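Bear in mind the structure is a predicted one, so any value in this text is a computation, not a measurement. Values reported hereafter were calculated over all heavy atoms of this structure, with side chains retained and with hydrogens, waters and symmetry mates removed.
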Amino acid sequence: MTIRHFLNLADAGPEGVTAILTDAQARKAARAGFTKGRVDADAPLTGHVLAMVFEKNSTRTRVSFDMAIRQLGGTSIVLDAGTMQLGRGETIADTARILSGYTDAIMIRTDDHAKVEEMAYYASVPVINGLTDLSHPCQIMADLLTVIEAGKTLSGMKVAWLGDGNNVLHSIVEAGGLLGFDVVAACPNGYHPEPGTLELGKGRATCTTDPRAAVEGADIVVTDTWISMGQAHAEEKLAAMMPFQVNADLMALAKPDAKFLHCLPAHREEEVTSDVIDGPQSLIWPEAENRLHAQKSVLRWCFGQIG
């Protein structure tokens, strides 16, 4: 049987992504009234162990994946690179082989995307991308779930991205290409997405330097921190980004029922003002919680239980 890795959304394809979202909605609804630590009624991953490897700091990814495998009936082992042999020079390939012998799946949060690709190549169990410098597919699965819950139809909607052409934008564009929605990214010169990113949108993704044009008529407005993990707090970059700040005036150009998303952590009054992130159009808290629900279904997809 072919091992199902989840390194990018394309690994699941449109059918797999749709199946994951459908399953996540159903499983979330079935837990209404449960305490957080209560196992799902069917406990579909009983006896399964998830290894979680962190080369970058994490709050949402760490806690949501840990709770996801627990709610599905399994257990987890949390591994920080600095306290394992990976941090002392053991190769990704050797680490993949070792963890495959101990656990049923591996989630890795790291920098270079080539590391998760190497992990998947040498692992004999499913590997999940918890974040790389290239992409953040698990975050976008949570975002899509949140948008659906808000009553939006994915096909044909317009998503406006403001700020840096980073890994989150990469996965949003990929989702648009798979599911048929438009993405307009507004990025300052010098901070456009990586070459090839817009092609993932299959003709539905564009990039502009005009934030107002990007947001006009948008169903969803999204931004992210301008200074990514590991980067210096560069004043030059902050100055270039300030015209792309999501504020009330910019949100007023979107559709009246437009929603605001941010994957967090946020730097208030930089990429977004507090009146927007705390305002009635903001969905940041359900978006954060939905990391848990979406990733439960990603795990089930990796084990061939859905899709």
Side-chain angles (χ1 to χ4, degrees), residues 1-7 11-12 16 19-21 23-87 90 92-110 115-116 119-120 122-132 136-139 141-142 145 288-307:
M1 182 178 175
T2 302
I3 300 172
R4 283 181 166 183
H5 301 300
F6 192 76
L7 310 187
D11 292 324
I20 290 168
L21 291 171
D23 185 69
Q25 292 175 79
R27 299 195 76 82
K28 182 178 180 179
R31 286 191 60 83
F34 283 24
T35 57
K36 302 297 190 297
R38 181 173 167 182
V39 176
D40 287 357
D42 56 347
L45 293 185
T46 297
H48 291 69
V49 179
L50 172 67
M52 301 193 296
V53 179
F54 290 94
E55 289 196 306
K56 282 195 169 187
N57 293 342
S58 175
T59 298
R60 280 151 290 276
T61 299
R62 183 184 296 250
V63 178
S64 60
F65 264 110
D66 196 352
M67 290 304 299
I69 190 68
R70 292 188 196 196
Q71 289 186 3
L72 292 170
T75 56
S76 68
I77 300 174
V78 179
L79 301 161
D80 290 305
T83 59
M84 58 189 294
Q85 297 298 339
L86 184 63
E90 186 165 35
I92 289 283
D94 289 353
T95 301
R97 294 183 181 105
I98 292 299
L99 292 180
S100 295
Y102 296 147
T103 66
D104 299 291
I106 303 165
M107 187 284 296
I108 178 170
R109 181 178 171 93
T110 185
K115 291 182 179 179
V116 300
M119 182 75 78
Y122 288 100
S124 56
V125 299
V127 174
I128 298 170
N129 172 11
L131 174 140
T132 67
H136 200 356
C138 289
Q139 177 64 54
M141 292 305 303
L145 177 59
E289 180 187 332
N290 278 338
R291 287 291 302 275
L292 164 64
H293 304 294
Q295 286 159 190
K296 287 169 68 175
S297 298
V298 167
L299 283 163
R300 294 193 69 222
W301 179 85
C302 286
F303 286 113
Q305 294 185 348
I306 58 173

### Task
Check whether any side-chain heavy atom of Val53 lies under 4.5 Å from a side-chain heavy atom of Thr110, and answer yes or no.
no
#### Entry: Approximate separation, where rounding is to 0.5 Å, of Ser58 OG and Met52 CE
8.5 Å
### Query
Considering all heavy atoms of both residues, which atom of Val127 and which atom of His5 are nearest to each other, and what is their separation?
N-ND1, 2.9 Å
### Message
Strictly below 4.0 Å, N to O, side chains only: are Asp40 and Arg31 in salt-bridge contact?
### Response
yes
### Query
Just by distance, do the side chain of Gln25 and the backbone of Leu145 share a donor-acceptor pair under 3.5 Å?
no
### Query
Among Lys296, Lys28, Arg300, which one satisfies side-chain hydrogen bond (donor to acceptor under 3.5 Å, both in side chains) with Asp23?
Arg300
### Task
Please assess His48 against Val125 for the test side chain to side chain contact (heavy atoms under 4.5 Å, CB included), listing each intermediate value before the final yes or no.
CA-CA 11 Å; His48 291 69; Val125 299; over 6 Å; no
### Task
Identify which one of Asn129, Leu131, Ile128 satisfies the side-chain contact (heavy atoms from CB on, under 4.5 Å) criterion when paired with Met107.
Ile128
### Query
Is there a donor-acceptor contact under 3.5 Å linking the side chains of Thr61 and Arg291?
yes
### Query
Are any non-hydrogen side-chain atoms of Val78 and Phe54 less than 4.5 angstrom apart?
yes
### Summary
Of all heavy-atom pairs linking Thr95 and Leu86, the shortest is OG1-CD1, 3.6 Å
### Task
State the OG-CG distance between Ser297 and Leu21, to the nearest 0.5 angstrom.
8.0 Å
### Task
Give a yes or no on whether the backbone of Leu7 and the side-chain of Asp11 come within a donor-acceptor separation of less than 3.5 Å.
yes
### Message
Are Ile106 and Ser100 packed together at the side-chain level, in the sense that at least one heavy-atom pair is separated by less than 4.5 angstrom?
### Response
yes
### Task
Kindly check if the number of other-residue, nucleotide or ligand heavy atoms within 6.0 Å of CZ (Phe34) is above 12?
yes
#### Entry: Gap separating the CG atom of Leu299 from the CD1 atom of Ile69, nearest 0.5 angstrom
5.0 Å
## Note on the structure
Nearest heavy-atom contact between Gly47 and Asp104 is O-OD2, 3.7 Å
### Message
As an exercise, state the distance from CD of Gln71 to OG1 of Thr35, rounded to the nearest 0.5 Å.
### Response
8.5 Å
### Task
Decide yes or no for Phe6 and Cys138: does some side-chain heavy atom of the first lie under 4.5 Å from some side-chain heavy atom of the second?
yes
### Message
Rounded at 0.5 Å granularity, tell me how far CE in Met84 sits from CD1 in Ile98.
### Response
10.0 Å
### Taking every non-hydrogen atom, the tightest pair across Ala24 and Ala294
CB-CA, 4.1 Å
### Query
Of all heavy-atom pairs between Thr46 and Ala43, which one has the smallest distance, and what is that distance?
OG1-O, 2.9 Å
### Summary
Output for pair (Leu72 CG, Gln305 CD), nearest 0.5 Å, gives 8.0 Å
### Passing candidate, side-chain hydrogen bond (donor to acceptor under 3.5 Å, both in side chains) with Ser64, options Gln295, His293, Glu289
Gln295
### Side chain to side chain, Leu79 and Leu99, heavy atoms closer than 4.5 Å
yes
### Message
For Phe303, is there any backbone N or O sitting under 3.5 Å from a side-chain donor or acceptor partner on Arg4?
### Response
no
### Message
On a heavy-atom basis, which atom in Ile20 and which in Ala12 lie closest, and how many Å separate them?
### Response
CD1-CB, 4.4 Å
